[in-house]
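Down below is the structure, laid out as structure tokens.
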Amino acid sequence: MKKIVYFIIFLGLTTTAFAQQSKQVFVSADIDNFWATYDKIIVVKDSLQQYRLLREFYLDKGTEGLKSLIQVRNYSEKEFIDWITQNPKFWNSIRPNTFKVKELYPKINKNIRKLQKVYPDLKPATIYFTIGAFRTGGTIQGNKVLIGSELSLADKTTIVDELPSWRQSFYKIQNPLKELPLLCTHEYVHTQQKELVENLLSMCLYEGVAEFISCKVTNTKSAAPAIEFGKANLKIVVDKFVTDLFVMTNNYNWLYGENRNELKVRDLGYYIGYEICERYYNLSKDKTKAIKELIELDYTNEKEVERIVNSTKLLPETLEELYNHYEKQRPKVISIVPFENGDQKVKAGIIQISINFSEEMDTNYRGFDYGPLGESYIYNFKHLIGWSNNNKTITIEVEIEPNKHYQSLITNRFISKKGFALTPYIIDFKTDK
């Protein structure tokens with residue numbers, strides 16, 4: 001009998017310890033520190049003293065979350081001071097909301113528990129409420145969710161007419177304070193994902209996974225206008241996405257609020273990723289397994305990415321077929337002068353090498369690197385002569401020594417006028433004795 005009692009007590013203690021261990025951690029000390037600092041800075045006219053106050057009372061006292069936010073977004077002290085001193089109506093209007101953030105903890109915590117229910121392998125992450133310099137409402141670093149409260153705690157009473165026009169649009173389109181619990185869930189999903197690969201499809205999938213799963217598990221409609229627009233205009237959005245899919249310069253037409261294409265809707269990449277995830281989930285017989293696969297997707301595993309994307313039939317062809325079409329459109333190096341590539345007896349000295357491309361290139365992009373043989377085989381670059389031949393030729397001046405083997409890679413950082421990345425080309429030659 002005693003053993004049974006002891007076992008029950010032990011089990012109860014273990015369960016309680018687990019509950020305490022899994023309790024969601026919120027940190028909002030940076031908000032209190034910010035306002036104490038703000039009140040000191042705005043009554044001071046001397047800029048050196050303003051910077052001292054910022055460091056002493058906000059930055060130096062900052063939580064790990066604030067330090068991470070500054071690192072992730074590369075915020076400068078000047079940015080903080082400029083935003084603080086130039087927007088008094090904004091700060092006065094948002095201030096009351098920032099002190100109410102703790103009232104939202106139960107709703108956020110409830111969302112995280114729902115996420116844990118469908119994804120039992122959920123690893124704990126701390127949610128930090130900080131005040132940054134207007135470049136993110138939410139992001140992550142490792143197991144930290146970082147909320148930029150100057151964006152995410154605003155509502156329709158927040159006065160934004162002092163802010164730059166590029167920043168005002170966010171507040172006018174969104175209702176951030178109402179959307180905060182979903183945002184925290186979205187960012188929480190990001191803390192569980194594998195490292196992102198910097199290509200358009202992976203970036204869209206990465207964001208789409210977080211948005212779809214956070215909406216699904218919380219039974220909340222996405223607040224991103226891109227989702228509704230995409231579903232109402234599927235064909236034109238997908239067709240435009242396909243034209244940009246492998247174009248290296250167009251990633252930010254689809255993500256992070258910088259859309260410059262004719263669709264004029266920000267973050268449509270979220271819709272592409274969301275639609276892929278939603279279709280994959282709906283097609284899957286095992287829904288729990290589908291969520292696990294999406295959250296744990298390895299973006300370096302091209303075959304797995306292709307399997308998921310192709311199975312949804314969102315795109316008009318398979319990724320391999322689309323890539324083959326793209327490859328045919330890439331510019332190429334067609335020749336170099338004054339010698340042929342592979343020449344074994346190039347005259348040593350200071351020479352000019354002209355690289356001829358198959359079509360007009362965008363002069364804002366170029367890239368040179370070591371060849372496969374490494375750094376010791378690169379020539380001594382003197383300077384760039386410039387573009388000619390209707391921007392189909394670029395000329396560089398280099399210095400080469402006698403009796404040496406040289407190699408250089410003309411990289412895919414060269415971009416055609418149409419936006420397609422160059423097929424990389426290796427220059428390889430030897431000098432005479």
Side-chain angles (χ1 to χ4, degrees), residues 22-28 30-31 63-73 75 98 101-102 104-119 121-154 170 174-196 202-224 226-227 255-257 266-267 269-271 273-274 277 291 294-297 299:
S22 63
K23 185 178 180 181
Q24 181 57 50
V25 178
F26 298 94
V27 180
S28 59
D30 291 317
I31 290 177
T63 66
E64 289 301 312
L66 178 60
K67 291 178 172 61
S68 291
L69 184 73
I70 291 171
Q71 182 180 13
V72 169
R73 284 296 179 262
Y75 286 145
T98 65
V101 68
K102 292 180 182 178
L104 294 170
Y105 288 0
K107 180 62 183 295
I108 298 168
N109 189 63
K110 187 177 180 180
N111 279 3
I112 304 306
R113 298 284 73 79
K114 289 178 179 178
L115 177 60
Q116 186 178 39
K117 186 175 180 179
V118 300
Y119 182 60
D121 295 330
L122 190 75
K123 299 182 289 290
T126 301
I127 300 177
Y128 291 89
F129 291 93
T130 70
I131 294 183
F134 290 82
R135 283 210 298 276
T136 185
T139 188
I140 67 162
Q141 187 183 59
N143 64 347
K144 297 188 285 288
V145 172
L146 313 171
I147 301 299
S149 302
E150 75 282 11
L151 289 166
S152 293
L153 296 185
F170 167 80
Q174 309 286 146
N175 191 357
L177 186 63
K178 182 180 179 181
E179 299 157 8
L180 182 63
L182 183 61
L183 171 66
C184 289
T185 315
H186 175 109
E187 298 300 338
Y188 216 101
V189 173
H190 279 325
T191 67
Q192 312 299 305
Q193 291 177 282
K194 290 183 168 59
E195 190 172 350
L196 177 62
S202 292
M203 293 164 76
C204 292
L205 271 174
Y206 179 81
E207 294 296 346
V209 166
E211 189 68 5
F212 170 71
I213 290 177
S214 59
C215 291
K216 188 68 181 177
V217 302
T218 63
N219 195 28
T220 305
K221 183 180 178 181
S222 174
I227 307 299
L255 295 152
Y256 312 130
R266 57 172 284 171
D267 295 336
Y270 280 62
Y271 163 69
Y274 185 104
C277 294
I291 286 178
L294 291 172
I295 290 177
E296 298 179 2
L297 178 60
Y299 296 94

Checklist entry - Is Leu255 close to Cys204 at the side-chain level, that is, under 4.5 Å between some pair of heavy atoms? => result yes
Next on the checklist: Give me the atom names and distance for the closest heavy-atom approach of Leu104 to Leu180.
Outcome noted: CD1-CD2, 3.5 Å
Next on the checklist: Main chain of Ser152, side chain of Ser149: is a donor-acceptor contact present, judged purely on distance under 3.5 Å?
Outcome noted: no
Checklist entry - Should Glu296 and Tyr119 be marked as a side chain to side chain contact (heavy atoms under 4.5 Å, CB included) after you check the CA-CA gap, both sets of side-chain angles, and the distance that decides it? => result CA-CA 11 Å; Glu296 298 179 2; Tyr119 182 60; 2.7 Å; yes
Item to check | By ring pair (Phe, Tyr, Trp, His ring centres under 6.0 Å) - contacts of Tyr206 (at least two apart) | outcome: His190
Next on the checklist: Donor-acceptor check, side chain of Glu179 to backbone of Asn175, threshold 3.5 angstrom: yes or no?
Outcome noted: yes
Checklist outcome for this item: Of all heavy-atom pairs linking Ile227 and Ser222, the shortest is CG1-OG, 3.3 Å
Next on the checklist: Quick check for you: to the nearest 0.5 Å, what is the distance between Ile70 atom CD1 and Leu66 atom CG?
Outcome noted: 4.0 Å
Checklist entry - Would you say the side-chain atoms of Thr220 pair up with the backbone N or O of Thr218, donor to acceptor, closer than 3.5 Å? => result yes
Item to check | Tyr188: ring pair (Phe, Tyr, Trp, His ring centres under 6.0 Å) partners, not counting sequence neighbours | outcome: none
Item to check | Tyr299 and Gln193 side chains, donor-acceptor separation under 3.5 Å | outcome: yes
Checklist entry - What are the two closest heavy atoms between Lys102 and Ser28, and how far apart are they? => result CE-OG, 3.5 Å
Checklist entry - Do side-chain atoms of Gln116 reach the backbone of Leu122 as a donor and acceptor pair under 3.5 angstrom? => result no
Checklist entry - Side chains of Thr130 and Asp30: do they bring a donor and an acceptor to under 3.5 Å? => result no
Checklist entry - Is Asn111 close to Lys107 at the side-chain level, that is, under 4.5 Å between some pair of heavy atoms? => result yes
Checklist entry - Tyr128 side chain to Leu69 main-chain N or O, any donor-acceptor pair under 3.5 Å? => result no
Checklist entry - Hey, is CG on Asp121 packed in by over 12 heavy atoms from elsewhere, all under 6.0 Å? => result yes
Checklist entry - To the nearest 0.5 Å, what is the distance between CG (Leu115) and CD1 (Ile291)? => result 8.5 Å
Item to check | Thr136 vs Leu146 side-chain heavy atoms within contact, under 4.5 Å | outcome: no
Next on the checklist: For the backbone of Pro181 and the side chain of Thr185, can you confirm whether one donor and one acceptor N or O come within less than 3.5 Å of each other?
Outcome noted: yes
Next on the checklist: Over 60° means perpendicular and under 30° means parallel, so tell me whether Tyr105 and Phe129 are parallel, tilted or perpendicular.
Outcome noted: parallel
Checklist entry - Once you round to the nearest 0.5 Å, how far does SG of Cys215 lie from CD of Glu211? => result 4.5 Å
Item to check | Partner residues of Arg73 under the salt bridge (Lys or Arg N to Asp or Glu O under 4.0 Å) criterion, sequence neighbours left out | outcome: none
Checklist entry - Are Leu153 and Ile147 close enough that some pair of their side-chain heavy atoms sits under 4.5 Å apart? => result no
Checklist entry - Could you state the interatomic distance from OG (Ser214) to CG (Leu183), rounded to the nearest 0.5 Å? => result 9.0 Å
Checklist entry - How long is the gap from OH on Tyr274 to CD1 on Ile213, to the nearest 0.5 Å? => result 11.0 Å
Checklist entry - Taking all non-hydrogen atoms of both residues, which atom of Thr126 and which atom of Gln24 are closest, and how far apart? => result CA-NE2, 4.1 Å
Checklist entry - Taking the side chain as C-beta and beyond, is there a heavy-atom pair between Ile127 and Ile108 under 4.5 Å? => result yes
Checklist entry - Is there side-chain contact between Leu294 and Leu297, with at least one heavy-atom pair below 4.5 Å? => result no
Checklist entry - Will you find, in the side chains of Tyr256 and Glu207, an N or O donor that is under 3.5 Å from an N or O acceptor? => result yes
Checklist outcome for this item: All heavy atoms of Gln141 vs all of Gln71, minimum pair found to be NE2-OE1, 3.1 Å
Item to check | Within 6.0 angstrom of Lys123 NZ, more than 12 heavy atoms from elsewhere | outcome: yes
Checklist entry - CD/Gln192 to CG/Asn143 distance, rounded to the nearest 0.5 angstrom? => result 9.5 Å
Item to check | Minimum heavy-atom distance between Ala226 and Tyr271, given as atom pair plus value | outcome: O-CB, 3.5 Å
